[in-house]
Amino acid sequence: MTQRPIKRALVSVYDKSGLEELALALRDAGVDIVSTGSTAKTIEASGVPVTPVEELTGFPECLDGRVKTLHPRVHAGILADSRLESHVQQLADLGVEPFDLVVVNLYPFRETVASGATPDECVEQIDIGGPSMVRAAAKNHPTVAIVTSPDAYGDVSAALASGGFTFEQRRHLAAQAFAHTASYDATVASWFASAYDGSEDGWPEFVGEAWDKSAVLRYGENPHQQAALYTDGSGGLAAAEQLHGKEMSYNNYVDTDAAIRAAFDHDRPAVAIIKHANPCGIAVGDDIAQAHARAHACDPVSAFGGVIAANRPVSVAMAQQVAEVFTEVIVAPGYEDGAVEVLQGKKNIRILRADDLGQYPPAEIRQVSGGVLVQMRDQVDAVVEADGAVTGGDDPSTWTLAAGEPADEATLADLAFAWTSVRAVKSNAILLAADGASVGIGMGQVNRVDSCRLAVERAGEERVRGSVAASDAFFPFADGPGILIEAGVKAIVQPGGSVRDDETIEAAKAAGVTMYFTGTRHFFH
Ligand SMILES: NC(=O)c1ncn([C@@H]2O[C@H](COP(=O)(O)O)[C@@H](O)[C@H]2O)c1NC=O
């Protein structure tokens, strides 16, 4: 279908950015502007003639702005289908002039909720008239162009210069507009559902999420799968700034998220190196370079082509270490002067930065066929401070000594580190640690005894002796601990709770190995 010239526009925007430029462009193109309250005042102040909407409706804006544009003279002007002679005739009979362009953006409901406003203040920010106009204009896209974002004002100027939006452009704008109101309503409905639905089980009857496309990825997990990245606008990895390197792939995102999860569990400077969503090294250190060196030493073979997360700004010393190893991605809250330049020496490394890494919403969602599972996120409360002190719900002071002598301070700090770190390893997970660094990790096995074997084998005879072990869940049999004990592990931390705990405790006692029960497990599938 052909272009439709823009002769009359309705403008009603909460976000006034770019409004003056838009108004000037409309005026220069000879477009009549009708507008609401403070939008009209802003337009007028820029010297552009504007008709207040009250003049059109013959009705004053009232109820603190709850009623401004909710009027047949507005909505008939938006909804008349210019292709239908009957609509054109009816407008003429009613003395209503049609609109060709509607520019609306909505009250900031999400931002108001996030600001900690009272329920009444949040409810007042639910836009009613705005979405009505947006939906009406989007429905009538064969006639009307709908613009919901200041980002599209440049397109309006271009359309004015070229004789109007084409049908395809109006249809595209309509799709954007319906996505905008759907996202807005999902936010409002989720807020109501979680704040007021009154379910006795504590779970809202409705969960709504809206994501906006942020990037088309080269492919998905495999080259034959198409993929894209969508964001919820809350920041995090999906919004991280890329400072260097090739574009992020689907697998890069998955692995980088796993790396962030692993590194940001620790309070001390920490580095996690991930391959295929599992850590091949996690370590804390006095500084970030030391943490990286220790994490890398855990499994240098697997660290090749890995994804690295640091929970502190990357120093030049760390960057120099990283630059020696082929690395897919590095992500950190910042980079000290000169560190990026050192890393850039590697052409392909993707360098990411974000201020808010490690902050996840309290609930997480996983898709299954026909639905989604929603659970509260597994949190780690055990925090190892620089002086080795541990605080929080996974605090060793809450653990039960099940076998052997109480651990000395250094051993207890290592157990706490291992316990915190094993949370980031896919189940069944066994993590061996020494001096604040993993030395052997057994991950993702379908039985715990194989994970023990793998961890011991990865650590090697020398490093396993005198190390400590953490198991993400209880040992169902004494065979797993038997492998760890025989290899020379000096202390073990595990949740406990198996019907055969006695056998495991006996094995530890017999070998003089310290064993703690945490009472908490950290499965990660
Ligand atoms: N109630 C109405 O009739 C109504 N019509 C438009 N609005 C909103 O009012 C805002 C613009 O108002 P103002 O021009 O006064 O700043 C826009 O965000 C628009 O979405 C309305 N406000 C809320 O529903």
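Note that ligands are numbered from 1 as they come in the structure, with each ligand's atoms numbered from 1 the same way.
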Participant: In terms of atom number and element, which parts of ligand 1 are under 4.0 angstrom from non-hydrogen atoms of T36?
Facilitator: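 Ligand 1 atoms under the 4.0 Å threshold to T36: 11 (C), 12 (O), 13 (P), 14 (O).
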Participant: Give the numbers and elements of all ligand 1 atoms closer than 4.0 Å to a heavy atom of T39.
Facilitator: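 Counting from 1, the qualifying ligand atoms are 11 (C), 13 (P), 14 (O), 16 (O).
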Participant: Would you check if there is a donor-acceptor pair between the side chains of Q359 and D356 at a distance under 3.5 Å?
Facilitator: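 Not at all, the side chains of D356 and Q359 share no donor-acceptor pair under 3.5 Å.
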Participant: Looking only at non-hydrogen atoms, which of D15, N105, L19, L106 approaches atom 17 (C) of ligand 1 most closely?
Facilitator: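 That would be N105.
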Participant: Below 3.5 Å, N or O to N or O, backbone or side chain included: is there any such pair between I128 and ligand 1?
Facilitator: yes
Participant: For ligand 1, which atoms, with element, lie under 4.0 Å from some heavy atom of G129?
Facilitator: 1 (N), 2 (C), 3 (O), 4 (C), 5 (N), 23 (C), 24 (O)
Participant: Using a strict cut-off of 4.0 Å, indicate which atoms of ligand 1 neighbour a heavy atom of Y14.
Facilitator: 17 (C), 18 (O)
Participant: Take atom CZ in R4; do more than 12 heavy atoms of anything else shown fall under 6.0 Å from it?
Facilitator: yes
Participant: If the test is side-chain contact (heavy atoms from CB on, under 4.5 Å), which one of V144, V74, T69 qualifies with V102?
Facilitator: V144
Participant: Output the list of atoms in ligand 1 that are nearer than 4.0 Å to some heavy atom of V67, sorted by atom number.
Facilitator: 1 (N), 3 (O)
Participant: Which ligand 1 atoms does G130 reach within 4.0 Å, using its non-hydrogen atoms?
Facilitator: 6 (C), 7 (N), 20 (O)
Participant: Only heavy atoms of K16, strictly under 4.0 Å: list the atoms of ligand 1 that pass.
Facilitator: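 Every atom of ligand 1 under 4.0 Å from some heavy atom of K16: 16 (O).
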Participant: Between F523 and H525, how do the two ring planes meet: parallel, tilted or perpendicular, split at 30° and 60°?
Facilitator: perpendicular
Participant: Would E61 count as a contact residue for ligand 1, given that I'm defining contact as a non-hydrogen atom of the residue lying under 4.0 Å from a ligand atom?
Facilitator: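 So E61 does not count as touching ligand 1.
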Participant: Given that the side chain starts at C-beta and the backbone is N, CA, C, O, which of these parts of E124 lies under 4.0 Å from ligand 1, counting heavy atoms, or is it both or neither?
Facilitator: neither
Participant: By number and element, which atoms of ligand 1 are closer than 4.0 Å to a non-hydrogen atom of V104?
Facilitator: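 Reading through ligand 1 atom by atom, the close ones are 20 (O).
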Participant: Is the shortest distance from a heavy atom of K41 to ligand 1 less than 4.0 Å?
Facilitator: no
